[in-house]
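For reference, the structure is listed below as structure tokens.
Quick note on labels: first sequence line is chain A, next is B, and so on, each numbered from 1.
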Number of protein chains: 2
Amino acid sequence: MATPTTTRTGARSAGGDAGSDDAARTWSIAEVADEFGVTHRTVRHYEDLGLISPERRGTTRVYHRRDRTRLGLVLRGRRLGFPLEEIRTIIDLYDAPRGRRSQLEYVLGQIDERRADLEQRRRDLEAALAELDGFERRCRDDLSRMA
Amino acid sequence: MATPTTTRTGARSAGGDAGSDDAARTWSIAEVADEFGVTHRTVRHYEDLGLISPERRGTTRVYHRRDRTRLGLVLRGRRLGFPLEEIRTIIDLYDAPRGRRSQLEYVLGQIDERRADLEQRRRDLEAALAELDGFERRCRDDLSRMA
DNA sequence: CACGTTCTTGACGTTGACGTCAACGTAAAG
DNA sequence: CTTTACGTTGACGTCAACGTCAAGAACGTG
């Protein structure tokens with residue numbers, strides 16, 4: 001897969017003036033989809049939920065580096081088993097205004113909550129891994145005793 | 001809650017001969033449910049999926065220590081975001097026969113797969129925590145610059 | 001300019017993980 | 001013996017996270 005054969009259209013830079021190569025590149029929905037190993041339907045679903053908001057060139061979606069970054073965060077959150085709504089509130093936090101002090105303190109509070117959650121998960125994870133290790137040892141013992 | 005007022009029935013030991021106190025105790029569905037902070041519906045659902053299989057005293061479910069152990073594993077798996085079906089295959093692995101060598105080798109293979117999955121999750125988790133830390137630092141910097 | 005490819009917007013279907021409600025059994029308490 | 005609390009089996013509802021058509025629009029190519 002990903003062999004650069006014939007289909008190599010739409011790699012033009014976007015609206016600005018520069019045309020370097022990677023900073024101002026744009027991507028089609030198909031490109032981001034199979035770059036991240038998801039379907040276009042999934043990508044659109046995430047847009048419906050406000051997780052990403054690509055530019056529109058006419059009716060067509062145009063994805064920038066920012067969108068890919070966010071999509072990456074979403075998928076990591078998904079691998080960690082978070083519901084998409086929760087993921088949205090988290091990554092929205094990342095580029096929230098935080099101009100006023102109150103805003104900043106709210107954000108810091110949210111951070112603490114998130115961290116508590118993640119650390120609970122880490123405990124669960126370590127426990128699961130430890131059990132798995134112990135179980136493997138017992139299995140290997142059984143195996144060696146069979147010889 | 002859990003005040004030992006009037007309702008203190010059904011704490012008799014089960015079928016055997018001993019009657020110590022905690023090893024051979026049994027529990028009702030309501031007891032396990034609110035001990036683990038889930039509804040009775042959830043407990044029954046897990047039974048439907050074969051995650052636990054309590055004894056039946058007539059039609060009534062009677063839970064033993066084994067069931068509570070398994071329920072604990074299930075809920076940890078759930079906190080980690082695993083689908084229940086997958087959880088079942090994993091904890092079934094724990095008390096699989098593993099008498100013959102082939103069985104044992106199969107189990108060891110499964111263990112490796114599981115561990116790979118868990119370690120991917122750990123990487124995601126560490127990354128998320130690291131990002132969170134960095135983000136908090138930036139926020140605190142912003143805050144101190146506002147003074 | 002017809003054609004195939006890629007994209008679009010609906011809209012309904014599906015699966016997992018339960019919630020919820022109805023209707024009924026049963027055992028201790030008054 | 002009725003009440004009350006807890007338990008049981010269906011069966012349908014719901015919500016999230018997509019899958020899966022259907023039916024067009026837009027665009028480069030032979």
Is any side-chain nitrogen or oxygen of A:Arg78 closer than 4.0 Å to OP1 or OP2 of D:dC18?
-> yes

Would one find a side-chain N or O of A:Tyr46 under 4.0 angstrom from OP1 or OP2 of D:dA17?
-> no

Would you say that [X] contacts [Y] through its side chain, given a criterion of any heavy-atom pair below 4.5 Å between the two side chains?
X	Y	answer
A:Arg79	B:Gln120	yes
B:Arg114	B:Phe82	yes
A:Met146	B:Arg100	no

How close or far is atom P of C:dT9 from atom CG of A:Asp48, stated in whole angstroms?
-> 9 Å

Starting from C1' on C:dG25, measure out to CZ on B:Arg57 and report it in whole angstrom.
->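 My rounded result for the distance is 18 Å.
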
N/O-N/O pairs, protein side and nucleotides 8-13 of chain D side, under 3.5 Å:
{"residue": "D:dT8", "atom": "OP1", "partner": "B:Arg61", "partner atom": "N", "Å": "2.7"}
{"residue": "D:dT8", "atom": "OP1", "partner": "B:Arg61", "partner atom": "NH1", "Å": "3.2"}
{"residue": "D:dT8", "atom": "O5'", "partner": "B:Arg61", "partner atom": "NH1", "Å": "3.2"}
{"residue": "D:dT9", "atom": "OP1", "partner": "B:Arg56", "partner atom": "NH1", "Å": "2.9"}
{"residue": "D:dT9", "atom": "OP1", "partner": "B:Arg56", "partner atom": "NH2", "Å": "3.2"}
{"residue": "D:dT9", "atom": "OP2", "partner": "B:Arg61", "partner atom": "NH1", "Å": "2.8"}
{"residue": "D:dT9", "atom": "OP2", "partner": "B:Arg61", "partner atom": "NH2", "Å": "2.6"}

Roughly how far apart are B:Leu143 CG and A:Glu105 CD, rounded to 0.5 Å?
-> 6.0 Å

Rounded to the nearest 0.5 Å, what's the gap from CZ on A:Arg78 to CG on A:Leu84? Could you check?
-> 8.0 Å

Contact summary for A:Thr89 and A:Glu86, nearest pair of heavy atoms = OG1-O, 2.8 Å

I would like to know whether A:Arg57 and A:Glu55 meet salt bridge (charged side-chain N to carboxylate O under 4.0 Å, His left out); could you show each step before the answer?
-> CA-CA 7 Å; A:Arg57 196 102 56 187; A:Glu55 194 199 329; 3.5 Å; yes

Return all side-chain donor-acceptor pairs below 3.5 angstrom for residues 106-113 of chain A, not counting sequence neighbours, or 'none' if the list is empty.
{"residue": "A:Asp112", "atom": "OD1", "partner": "A:Arg115", "partner atom": "NH2", "Å": "3.4"}

Any N/O pairs under 3.5 Å between the protein and nucleotides 14-16 of chain D? List them or say none.
none

